[in-house]
Amino acid sequence: MAFRKRFAPRRKFCRFCADKELPLNYKRADILRDFVTERGKIIARRITGTCAHHQRLLTREIKRARQMALLIYTATHDSSVKKKSMI
């Protein structure tokens with residue numbers, strides 16, 4: 001009895017399947033930033049909860065936004081991060 005789980009973790013769901021009106025394109029960098037870490041890495045679908053179909057679309061749109069300089073590739077490309085040579 002002492003080893004019972006106290007709560008069940010919240011079920012993850014795909015934001016794009018739940019809200020059909022949510023646009024998924026490279027021009028909406030504010031939405032895409034939720035799926036990218038501070039270092040510029042794309043977050044896995046097992047963590048974000050997106051379905052496989054939308055994760056593939058999301059990855060493509062993030063890469064397009066990087067090409068258009070709307071998102072960063074790595075942390076060193078961010079203007080707020082100071083380089084070692086500047087310190």
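Other residues sharing the hydrophobic cluster of L24, ordered by chain and number and joined by side-chain separations under 4.5 Å: F16, L22, I31, L32, F35, V36, I42, L57, L58, I62, L71. Applying the 4.5 Å side-chain rule to ILVMFWY residues, one finds I43 in the same cluster as I47.
Rounded to the nearest 0.5 Å, atoms CZ (R45) and NE2 (H54) are 12.0 Å apart. Atoms CD1 and CD, on I72 and E38 in that order, are 9.0 Å from each other to the nearest 0.5 Å.
Taking each heavy atom of C51 and C17 in turn, the nearest pair found is SG-SG, 3.7 Å. Heavy-atom minimum distance, E61 versus Y26: OE1-N, 2.9 Å.
The environment of NZ in K12 is crowded: more than 12 heavy-atom neighbours from other residues, nucleotides or ligands sit within 6.0 Å. In this structure, R60 places its CZ atom where more than 12 heavy-atom neighbours from other residues, nucleotides or ligands lie under 6.0 Å away.
A donor-acceptor pair under 3.5 Å links the side-chain atoms of T37 to the main chain of K41, judged by distance alone. With hydrogens and angles ignored, the 3.5 Å screen pairs no side-chain donor or acceptor of R64 with any backbone N or O of N25.
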Could you walk me through whether Y73 and Q67 pass side chain to side chain contact (heavy atoms under 4.5 Å, CB included), step by step?
-> CA-CA 9 Å; Y73 279 98; Q67 280 288 112; 2.9 Å; yes
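Residues satisfying the salt bridge (Lys or Arg N to Asp or Glu O under 4.0 Å) criterion with D34, sequence neighbours excluded, are R15.
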